[in-house]
Engineer: 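Dropping the structure in here first, questions after.
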Amino acid sequence: MPTSIITTDDLREFKEELLEDIKAMINHQSGFAPKKWLKSPEVRDLLSISPGTLQNLRINGTLPYTKVGGVIYYDYEEITKVLEENRVHNKF
C-alpha cells in the first residue's frame with residue numbers, strides 16, 4: 001500500500017482552501033453581499049483605522065479611490081485585493 005507524505009505547504013494550502021469555503025458558506029447563508037462602493041467612514045470601520053491613516057493610504061497610493069463631488073468612494077473589491085496582496089505568511 002503506497003504512503004503519501006503531507007508537507008507543511010500541503011497543510012497551509014488545505015487551510016486556505018478550507019477558510020475560503022467556510023467564508024463562502026457563511027456569506028451565502030447570511031445573504032451578506034458587500035456594497036460595491038464604500039464611503040470613508042465605512043472603510044475606517046471595516047479596517048479599524050483612523051481618518052489620518054485612511055488619508056495616508058490614499059496619499060501614498062496604497063488604497064485606490066474615486067472622488068465624486070466632495071465624497072470619496074472606495075471599491076470593496078480593491079480593498080480586499082490590497083489586503084490579499086499585503087498578506088504576510090510567517091514560516092515557523
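Below, each value reflects all heavy atoms present in this structure, side chains not excepted, and no hydrogens, waters or symmetry copies.
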Engineer: Taking all non-hydrogen atoms of both residues into account, name the closest pair between Pro64 and Thr62 and its distance.
Structural biologist: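 Heavy-atom minimum between the residues: CD-O, 3.6 Å.
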Engineer: Charged N to carboxylate O below 4.0 Å: is that the case for Lys23 and Glu20?
Structural biologist: yes
Engineer: Give the intermediate values and the outcome of side-chain contact (heavy atoms from CB on, under 4.5 Å) for residues Leu47 and Ile79.
Structural biologist: CA-CA 9 Å; Leu47 300 177; Ile79 294 169; 4.1 Å; yes
Engineer: Checking side-chain contact (heavy atoms from CB on, under 4.5 Å) for the pair Glu78/Leu63: CA distance, chi angles, key distance, verdict?
Structural biologist: CA-CA 8 Å; Glu78 287 289 330; Leu63 200 57; 5.8 Å; no
Engineer: Does Phe14 share a hydrophobic cluster with Ile22, counting links as ILVMFWY side-chain heavy atoms below 4.5 Å and allowing steps through other members?
Structural biologist: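 Same cluster.
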Engineer: Roughly how far, to the nearest 0.5 Å, is OG1 of Thr80 from CG of Leu46?
Structural biologist: 9.5 Å
Engineer: Checking Thr66 against Trp37 for the side-chain contact (heavy atoms from CB on, under 4.5 Å) test, could you report, in this order, the C-alpha distance in whole Å, the side-chain angles of both residues, the deciding distance, and whether it holds?
Structural biologist: CA-CA 9 Å; Thr66 302; Trp37 295 101; 3.8 Å; yes
Engineer: What do the steps show when you test Leu57 against Val82 for side-chain contact (heavy atoms from CB on, under 4.5 Å), and what is the final call?
Structural biologist: CA-CA 11 Å; Leu57 292 174; Val82 168; over 6 Å; no
Engineer: Would you name the heavy atoms of Ser40 and Arg58 that are closest together and state the gap between them?
Structural biologist: OG-NH1, 4.2 Å
Engineer: Could you give the distance from CD1 (Ile5) to CG (Asp10), rounded to the nearest 0.5 Å?
Structural biologist: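 Between atom CD1 of Ile5 and atom CG of Asp10 there are 10.0 Å.
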Engineer: Nearest 0.5 Å, what's the CG-CD distance between Asn60 and Gln55?
Structural biologist: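 With rounding to 0.5 Å, CG (Asn60) is 11.0 Å from CD (Gln55).
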Engineer: Considering only NZ, NE, NH1 and NH2 on the basic side and carboxylate oxygens on the acidic side, decide whether Glu84 and Lys81 come within less than 4.0 Å.
Structural biologist: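 Salt bridge: no.
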Engineer: Can you check whether Arg44 reaches Ser50 side chain to side chain, under 4.5 Å on heavy atoms?
Structural biologist: no
Engineer: Please check if the number of heavy atoms outside Ile6 that lie under 6.0 Å from its CD1 is greater than 12.
Structural biologist: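 At most 12 heavy atoms, drawn from other residues, nucleotides or ligands, come within 6.0 Å of this atom.
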Engineer: Regarding Asp9 and Thr7, is there a side-chain donor-to-acceptor distance under 3.5 Å anywhere?
Structural biologist: no
Engineer: Looking at Glu42 and Lys39, would you say the former's side chain and the latter's main chain have a donor-acceptor pair under 3.5 Å?
Structural biologist: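 Confirmed, Glu42 side chain pairs with Lys39 backbone.
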Engineer: With a 4.5 Å cut-off on side-chain heavy-atom distances among I, L, V, M, F, W and Y, is there a chain of contacts connecting Tyr73 to Tyr65?
Structural biologist: no
Engineer: Drop me the distance from Leu54's CG to Tyr74's OH, to the nearest 0.5 angstrom.
Structural biologist: 3.5 Å
Engineer: Report the distance from atom CG of Leu38 to atom CG of Asp75, rounding to the nearest 0.5 Å.
Structural biologist: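 Leu38 atom CG to Asp75 atom CG measures 8.0 Å (nearest 0.5 Å).
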Engineer: What is the distance from atom NE2 of His89 to atom CZ of Arg12, rounded to the nearest 0.5 Å?
Structural biologist: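 Answer rounded to 0.5 Å: 7.5 Å.
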Engineer: So does Glu85 have more than 12 non-hydrogen atoms from other groups sitting under 6.0 Å from CD?
Structural biologist: yes
